[in-house]
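For reference, the structure discussed in these notes is given below.
Computed from a predicted structure; not experimentally measured.
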2 protein chains.
Amino acid sequence: MTAGERRVAIVDAALQEFSEHGFEKATTDAVARRAGISQPYVIRLFGSKRAVFEAALDRAFTAVETAFSDAAAAAGGGDPLRAMGAAYGRLLEDRVLLMMLLQAFAASGDDRVKAVVRERMSRMHARVAELSGATPDRVREFFAMGMLLNVVAALELPELLGGPDWADRMCEAL
Amino acid sequence: MTAGERRVAIVDAALQEFSEHGFEKATTDAVARRAGISQPYVIRLFGSKRAVFEAALDRAFTAVETAFSDAAAAAGGGDPLRAMGAAYGRLLEDRVLLMMLLQAFAASGDDRVKAVVRERMSRMHARVAELSGATPDRVREFFAMGMLLNVVAALELPELLGGPDWADRMCEAL
DNA sequence: CAGGGTTGTAATCGGCTGATAACCATCCGG
DNA sequence: CCGGATGGTTATCAGCCGATTACAACCCTG
């Protein structure tokens, strides 16, 4: 397997580990085992644990951006913002991407992570505003609901549906 | 100083450390130094690092609940939900409480943390619905905007006001 | 088939950190 | 003044984890 393919596999594994455990608790050894290789090789291909984290974060943001672009393109005559919201809801299903974003927000105490997140969020905001043509108020509400859904995903509230009604109420936004 | 007073001081220190660094990266030694005592004493008074975290989390949730109750009580004839939103904005100013909540969400990969957060969020949701008398839709939007503000606080976007316009747009919700 | 680049591993190190154990100081009631 | 309860500390351990080093297998290409 080429180093490039290996890198992809490592980012796959890293996305799982970091999204579940966060930057600090996730170990490069767990990433390596998940990718089927040895821990030192992970470090060698990326240089450091932080670099692996940033690669995984980059993929997560890129996936969301792609989903938004595709949804807007496929919206046709409908409301692009609603189409993007539905696309985000679909991303929610596997929980991994969204948890990764939440972990990145939480890791923003670190200045480098914060800089990356700021830059990507800035891009995403501009892109959503451009694709949707919506008012600033609606765009803000769109992002607010997205953040709520991140937390809903983190707490695994969908599995509570049919339970306490507050979970229902929050989830029906989809 | 009595053990009870010491516990309060430790929770104060823990709130700072955990909110900034998250559960994993924050150290009991840093908490101890901030509280002006030795690291083993922190462990002895709380039993474990996790217990310190949970105590700090409890205080954060309680502070928010108190702020909401006070705001609703002081709302008079005005809109209680708007008053609570303003109160949340005021809490945002010191960033610590909100960051603590965000860290708790991120730490929800841990089942015990997740259980605590679910329970407290459930209580808070019920309380807000009761105090405000608002429709489920409005209550959900209220929480969504709160989650957005958490992220805004984490990324320290207010310091960007006057910079890229997306930060302005998100912050003007206050 | 020589040999260098590529892909990978085993062994190990070194620092950090939560937790434990043992000990010490101070205060106060009888 | 004695002795236990209370409020602490120092010293130390034991495990984890990221990173480094040195080495090994493989595969092309000339």
Notebook entry, point to check: Picking from C/dT9, C/dG18, D/dT9, which would you name as closest to the side chain of A/Ser38?
Noted result: C/dT9
Next item on the list: Quickly work out the A/His21 NE2 to D/dC16 P distance and round it to whole Å.
Entry: 15 Å
Margin query: Using a strict threshold of under 4.0 Å (side-chain N to carboxylate O), is an ion pair present between B/Lys114 and B/Asp110?
Written below: no
Checklist line | Interatomic distance, A/Asp29 CG vs D/dA19 P [rounded to whole Å] | finding: 13 Å
Item checked: Earlier contact from the 5' end, DNA chain D, for B/Ala3 and B/Gln39 -> B/Ala3
Next item on the list: Would you mind reading off the distance between A/Ile10 atom CD1 and D/dG18 atom C1', rounded to a whole angstrom?
Entry: 15 Å
Notebook entry, point to check: Between C/dC16 atom C1' and A/Lys25 atom NZ, what is the distance in whole Å?
Noted result: 17 Å
Check: Does a donor on one side chain sit under 3.5 Å from an acceptor on the other, for A/Ser132 and A/Arg138?
Finding: no
Note to self: Any base atoms under 4.0 Å from A/Ala30, or only sugar-phosphate, or nothing? Heavy atoms, all strands.
What the structure shows: nothing
Checklist line | Closest to the B/Thr2 side chain, choosing from C/dT7, C/dG8, D/dG7 | finding: D/dG7
Item checked: Nucleotide D/dT6, atom P - distance to CE of B/Met1 in whole Å -> 18 Å
Note to self: What is the distance, to the nearest angstrom, from the OH atom on B/Tyr41 to the C1' atom on C/dT20?
What the structure shows: 16 Å
Next item on the list: Write down the distance between CD1 (A/Ile43) and P (D/dT20), rounded to a whole number of angstrom.
Entry: 8 Å
Notebook entry, point to check: Is any N or O donor-acceptor pair between the side chain of B/Arg44 and the base of D/dG8 shorter than 3.5 Å?
Noted result: yes
Next item on the list: Tell me which nucleotide among C/dA19, C/dT17, D/dT20 gets nearest to the side chain of A/Pro40.
Entry: D/dT20
Note to self: For the CZ atom on B/Arg82, are there more than 12 heavy atoms of other groups (residues, nucleotides or ligands in this structure) within a distance under 6.0 Å?
What the structure shows: no
Notebook entry, point to check: Does D/dG18 have OP1 or OP2 sitting under 4.0 Å from an N or O in the side chain of A/Thr28?
Noted result: yes
Checklist line | Check: B/Leu102 and A/Leu102 side chains under 4.5 Å, non-hydrogen atoms | finding: yes
Margin query: Less than 4.0 angstrom from a charged side-chain N to a carboxylate O is my criterion; do B/Glu17 and B/Lys25 meet it?
Written below: no
Next item on the list: Using a heavy-atom cut-off of under 4.0 Å over every strand shown, decide if A/Ala26 touches base, sugar-phosphate, or nothing.
Entry: sugar-phosphate
Notebook entry, point to check: Rounded to whole angstrom units, what separation is found between the CZ atom of B/Phe53 and the P atom of C/dT17?
Noted result: 17 Å
